[in-house]
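Throughout, numbering of the chain's residues begins at 1 and tracks the sequence.
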Amino acid sequence: MTARIAYADVEVGTELPARTFPVTRADLVRYAGASGDFNPIHWNERFAREVGLPDVIAHGMFTMAEAARVVTDWAGDPAAVVEYGVRFTNPVVVPNDDTGAEIEVSAKVAAKLDDEARTVRVDLVARSAGQKVLGLSRAVVRLG
């Protein structure tokens, strides 16, 4: 597969479709099983509070992956993302209720990097409960 977005059709400032991703305790349990990350801060409220957290928190890599979906959905091909990195700035707190939390992600093309390789840098903003949860969130994407 290749990216469905053409490099020539993208300008600096192009906004990607924003998304909101719900996160429940059940999602954290499924992610823990798939990733092998059974740290109790992700499922045990008592333990999370004992170590100074407000409640159970989402896995950082889960949060990072959800944010990346904005880019992969836009590009149309997950393999189009050739580089991706973030800084974790605040946790996504997931209460034990029927609602859980939400991760709100927006993104835009911040730079056209290489005409020959057809790569762009996409900057992402991820927030939960009004707080930025990822900092310096950037992806390099090879377009069609």
Side-chain angles (χ1 to χ4, degrees), residues 1-45 48 51-144:
M1 286 182 72
T2 59
R4 68 173 181 227
I5 305 294
Y7 180 80
D9 295 339
V10 173
E11 299 298 330
V12 171
T14 299
E15 293 187 15
L16 284 61
R19 301 255 328 256
T20 299
F21 301 99
V23 185
T24 65
R25 294 274 179 101
D27 294 323
L28 301 183
V29 170
R30 284 190 289 277
Y31 183 83
S35 69
D37 182 351
F38 295 102
N39 187 323
I41 64 173
H42 304 303
W43 58 270
N44 184 316
E45 186 174 329
V51 299
L53 295 167
D55 206 333
V56 165
I57 63 170
H59 303 74
M61 297 304 276
F62 175 87
T63 303
M64 187 177 176
E66 290 290 76
R69 289 174 57 190
V70 168
V71 179
T72 59
D73 289 353
W74 171 72
D77 180 5
V81 177
V82 296
E83 186 178 316
Y84 180 49
V86 307
R87 286 193 184 162
F88 301 105
T89 57
N90 285 296
V92 175
V93 178
V94 183
N96 190 17
D97 59 20
D98 293 332
T99 306
E102 291 184 332
I103 303 168
E104 301 161 350
V105 183
S106 60
K108 68 178 176 179
V109 175
K112 292 184 97 167
L113 301 175
D114 185 340
D115 290 345
E116 190 172 317
R118 301 181 322 274
T119 54
V120 298
R121 188 185 87 217
V122 175
D123 290 355
L124 298 94
V125 175
R127 296 185 176 280
S128 183
Q131 291 190 318
K132 195 171 183 182
V133 295
L134 299 177
L136 291 176
S137 184
R138 298 177 173 170
V140 175
V141 184
R142 179 171 291 116
L143 300 178

Gap between atom CZ of Arg127 and atom OG1 of Thr89 - 0.5 Å precision: 9.0 Å

Between Gly85 and Met64 the two heavy atoms that sit nearest each other are CA-CE, 4.1 Å

Any side-chain heavy-atom pair of Thr63 and Glu66 under 4.5 Å: no

Under the side-chain contact (heavy atoms from CB on, under 4.5 Å) rule, what do Val23 and Leu28 come out as? Steps first, then yes or no, please. CA-CA 8 Å; Val23 185; Leu28 301 183; 3.9 Å; yes

Can you check whether Val94 reaches Asp55 side chain to side chain, under 4.5 Å on heavy atoms? no

Just so I know, are the side chains of Arg25 and Val56 near enough to count as touching, which here means a heavy-atom distance under 4.5 Å? yes

Locate the shortest heavy-atom distance separating Pro95 from Ala101; write the atom from each residue and the value. CD-N, 4.3 Å

Any chance you could measure Arg138, atom CZ, to Leu124, atom CG, to the nearest 0.5 Å? 10.5 Å

Would you call Val29 and Asp27 a side-chain contact if the rule is heavy atoms closer than 4.5 Å? no

Kindly indicate whether the side chain of Val140, heavy atoms from C-beta on, has any atom under 4.5 Å from the side chain of Val81. no

Taking atom CZ of Arg69 and atom CD1 of Ile103, what is their separation to the nearest 0.5 Å? 9.5 Å

Checking Asp123 against Lys108 for the salt bridge (Lys or Arg N to Asp or Glu O under 4.0 Å) test, could you report, in this order, the C-alpha distance in whole Å, the side-chain angles of both residues, the deciding distance, and whether it holds? CA-CA 6 Å; Asp123 290 355; Lys108 68 178 176 179; over 6 Å; no

Dump the intermediate steps for side-chain contact (heavy atoms from CB on, under 4.5 Å) on Thr119 and Val141, then the final yes or no. CA-CA 5 Å; Thr119 54; Val141 184; over 6 Å; no

With heavy-atom distances below 4.5 Å as the criterion, would you say the side chains of Asp77 and Thr72 are in contact? no

Find the distance between CG (Asn90) and CG (Leu134) and round it off to the nearest 0.5 Å. 9.5 Å

Test your reading of the model: is there a side-chain donor-acceptor pair from Thr14 to the backbone of Val109, 3.5 Å cut-off? no

Taking ring pair (Phe, Tyr, Trp, His ring centres under 6.0 Å) as the cut-off, I'd like each qualifying pair that reaches into residues 72-126, sequence neighbours left out, listed once. none

Can you spot which of Val70, Val133, Val71 makes a side chain to side chain contact (heavy atoms under 4.5 Å, CB included) with Val105? Val70

Nearest 0.5 Å please: distance from the CG atom of Asn39 over to the CG atom of Asn44. 10.0 Å

If only atom types and distance count, is the side chain of Arg121 paired as donor or acceptor with the main-chain N or O of Ala110 below 3.5 Å? no

Does Lys112, at its NZ atom, have more than 12 non-hydrogen atoms belonging to other residues, nucleotides or ligands within less than 6.0 Å? yes

Rounded to the nearest 0.5 Å, what's the gap from CD1 on Ile57 to CD on Glu45? Could you check? 13.0 Å

Restricting to side-chain hydrogen bond (donor to acceptor under 3.5 Å, both in side chains), what partner residues turn up for Tyr7, sequence neighbours left out? Asp115

Considering all heavy atoms of both residues, which atom of Asp97 and which atom of Gly100 are nearest to each other, and what is their separation? OD1-N, 2.6 Å

Contacts satisfying ring pair (Phe, Tyr, Trp, His ring centres under 6.0 Å) that involve residues 13-36 (not counting sequence neighbours) are Tyr31-His59, Tyr31-Phe62

